[in-house]
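Take a look at the structure set out below.
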Amino acid sequence: MHSEKVPYFILDLLQQVPSVYVPGLGRFDAIFHPAVIDIPGAKIKPPYFEGTFSDSDGDAFDLLPEYIRYVTGISSEEAIGHITDFVRVVHQQIESDASYAIDKFGSFSKSNGSIIHFTPDWDAFNLSFRGLEEIDLNPPVEVPEQPIEFFAPPESKNREYIPPVIEKTIPAETNWVAENMIERPEETTPVASVPSHPISDSTSRLWWGILAIALILITILCAYLAWDIISNRKKLKSLNQITQVTVDPGTMDDVPSVVDTTYVPVEEPAEEPPVEEPKETVETITTPPPTSTIANPCFIVVGAFSNPDNVTRMDERLKGMGYEVEQIKGGSLTKVAIKTSCDKSNLQKVLGDARSSVNPEAWIY
């Protein structure tokens with residue numbers, strides 16, 4: 001029956017949420033304690049969950065029934081019925097007995113004041129942290145014991161081995177040296193040991209030569225790098241001076257703003273691609289004088305500007321060429337357009353004239 005599995009559903013849910021309320025019984029809480037570094041004790045204590053219970057009434061919440069429905073596939077009404085059966089069994093057990101223990105969950109008991117107490121199972125609530133132990137920051141270093149080896153002399157067939165006595169004859173002329181060495185051994189001077197493979201003078205000179213050449217190459221490289229840095233700095237300084245002389249900041253205001261010459265069938269263009277204002281050329285095409293009123297006019301946009309000065313400058317230029325100008329505002333840009341009739345032949349002619357004499361990317365609005 002699912003009513004016997006209700007406490008384990010509560011335990012699983014407490015691993016994901018901080019508290020679970022069971023109507024008619026109380027609220028279960030799982031307080032998470034993170035890992036703690038014990039500096040005086042030089043240890044790291046692992047994290048753990050502390051299970052608590054309160055039998056105070058609270059707002060009924062459908063978290064537990066919905067979780068049971070999600071896990072088992074039963075309906076919410078059946079899940080609520082199983083929870084009610086579990087609460088009824090708990091009350092019956094603690095009324096008839098001193099306590100009611102549930103394996104791998106905890107035990108319920110009731111005091112004289114009719115207060116329900118719950119003692120959680122430590123291992124069940126800390127199942128996710130099972131196996132974690134305290135870490136010693138200063139573990140003792142174990143030095144492996146090295147066995148003492150005893151070397152025994154080689155065995156001989158005769159246990160009582162007497163080494164042979166070797167008599168050496170000393171020439172007469174060396175008797176005085178031998179007598180002095182025997183009588184006064186403390187005056188003998190030990191001879192320094194000579195290495196088996198002494199370094200020759202030619203090898204030593206070769207190594208010193210290699211070291212000197214390396215130092216010379218490093219010095220030349222450092223000098224070249226310093227010269228290159230100084231020369232590049234002078235070039236940058238001269239280039240900066242030339243830029244400051246040739247570019248007049250006061251003339252930057254006369255440059256028109258970015259003109260959007262890309263045909264976008266929306267009311268406001270997305271961006272303004274940089275297009276330089278075409279140089280004024282001698283007008284070779286005579287345009288008809290503007291009419292005061294045009295019924296159902298069409299517009300040919302020759303530029304879109306965000307700077308009012310550029311709008312005025314383009315407006316005066318078109319009026320000087322004999323066109324009737326219309327300013328169309330939209331967003332942060334103001335479109336400057338030629339107002340003309342929508343006759344197909346006339347519209348194509350005015351568009352061709354605008355592209356050849358004003359802006360090669362003019363479009364019909």
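In this structure, the side chains of Leu25 and Phe108 come closer than 4.5 Å at one or more pairs of heavy atoms. Side-chain contact check for Leu11 versus Lys104: every heavy-atom pair is 4.5 Å or farther apart. Gln327 has its side chain out of reach of Lys335: every pair of non-hydrogen atoms, C-beta onward, lies at least 4.5 Å apart. Residues Ile328 and Val336 are not in side-chain contact: their nearest non-hydrogen atoms beyond the backbone lie 4.5 Å or more apart. Side-chain contact between Ile364 and Leu347: present, with at least one pair of heavy atoms (C-beta onward) separated by less than 4.5 Å. With a 4.5 Å cut-off on side-chain heavy atoms, Val6 and Phe105 do not count as touching. Residues Phe86 and Val89 have side chains not in contact (no heavy-atom distance under 4.5 Å, counting atoms from C-beta outward). Here the side chains of Leu217 and Leu221 are not in contact, with every heavy-atom distance at 4.5 Å or above.
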Kindly indicate, with the supporting measurements, whether the criterion side-chain contact (heavy atoms from CB on, under 4.5 Å) is fulfilled by Leu206 and Ser202. CA-CA 6 Å; Leu206 177 62; Ser202 60; over 6 Å; no
Could you walk me through whether Thr340 and Tyr323 pass side-chain contact (heavy atoms from CB on, under 4.5 Å), step by step? CA-CA 8 Å; Thr340 182; Tyr323 292 110; over 6 Å; no
Step by step, would you call Ile220 with Tyr224 a side-chain contact (heavy atoms from CB on, under 4.5 Å)? CA-CA 6 Å; Ile220 294 173; Tyr224 173 76; 5.5 Å; no
Start with the C-alpha gap between Ile338 and Val325, add the side-chain angles, then the distance that decides, and say whether side-chain contact (heavy atoms from CB on, under 4.5 Å) holds. CA-CA 5 Å; Ile338 299 174; Val325 183; 5.9 Å; no
Just do the side chain to side chain donor-acceptor pair (under 3.5 Å) check on Ser341 and Asp343 with the steps written out, would you? CA-CA 6 Å; Ser341 63; Asp343 182 62; 5.7 Å; no
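Of all non-hydrogen atoms in Glu66 and Ser76, the two that sit nearest each other are OE2-OG, 3.1 Å. Taking all atoms of both residues into account, the shortest heavy-atom contact from Asp136 to Ala42 is OD1-O, 3.1 Å. In terms of heavy atoms, Ala362 sits closest to Leu351 at O-CD1, 3.8 Å. Minimum heavy-atom separation, Ser109 to Ser99: CB-CB, 4.2 Å. Heavy-atom minimum distance, Gln15 versus Ala124: NE2-O, 4.3 Å.
In terms of the ring pair (Phe, Tyr, Trp, His ring centres under 6.0 Å) criterion, Phe125 has no residue partners (sequence neighbours excluded).
Summarising the geometry, atom CD1 belonging to Ile102 is positioned 12.0 Å from atom OG1 belonging to Thr119; distances are rounded to the nearest 0.5 Å. One finds the OG atom of Ser357 at 8.5 Å from the CG atom of Leu318 (value rounded to the nearest 0.5 Å). Taken to the nearest 0.5 Å, the CZ atom of Arg69 stands 9.5 Å off from the CD1 atom of Ile74. Glu4 contributes atom CD, which lies 10.5 Å from atom CG of Asp85 (distance to the nearest 0.5 angstrom). Atom CD1 of Ile68 is separated from atom CD of Glu78 by 11.5 Å, given to the nearest 0.5 angstrom. Distance check, rounded to the nearest 0.5 Å: NZ of Lys43 to CD1 of Ile37 gives 14.5 Å.
A salt bridge does not link Asp309 to Arg313: none of the charged side-chain nitrogens sits closer than 4.0 Å to a carboxylate oxygen. Between Glu316 and Lys319, no side-chain nitrogen of the basic residue sits less than 4.0 Å from a carboxylate oxygen of the acidic one, so the salt-bridge criterion is not met.
More than 12 heavy atoms of other shown residues, nucleotides or ligands fall within 6.0 angstrom of atom CG in Leu225.
Hydrophobic clustering (ILVMFWY, side-chain heavy atoms < 4.5 Å, transitive): Leu132 and Phe32 are in one cluster. Ile80 and Leu13 fall into different hydrophobic clusters, defined by Ile, Leu, Val, Met, Phe, Trp and Tyr side-chain heavy atoms under 4.5 Å apart, directly or through other members. Hydrophobic clustering of Ile, Leu, Val, Met, Phe, Trp and Tyr side chains at less than 4.5 Å, counting indirect connections, unites Leu63 with Tyr70. Tyr21 and Ile31 end up in different hydrophobic clusters when Ile, Leu, Val, Met, Phe, Trp and Tyr side chains are linked at under 4.5 Å. A single hydrophobic cluster is not seen to contain both Trp208 and Ile216; linkage of ILVMFWY side chains at heavy-atom distances under 4.5 Å, directly or through other members, places them apart.
With side-chain heavy atoms closer than 4.5 Å counting as contact, directly or through intermediates, the hydrophobic cluster containing Trp122 also holds Tyr48.
Between Phe53 and Phe28, the two ring planes are tilted [angle within 30° to 60°].
Between the side chain of Asn359 and the main chain of Arg355, no donor-acceptor pair closer than 3.5 Å is present. Between the side chain of Thr334 and the backbone N or O of Gly330 there is no donor-acceptor pair closer than 3.5 Å. Looking only at distances, a side-chain donor or acceptor of His91 sits under 3.5 Å from a matching main-chain atom of Gly24. Side-chain atoms of Asp121 come within 3.5 Å of backbone atoms of Asp123 as a donor-acceptor pair (strictly under, hydrogens ignored).
Not less than 6.0 angstrom separates the ring centroid of Phe118 from the ring centroid of Tyr100.
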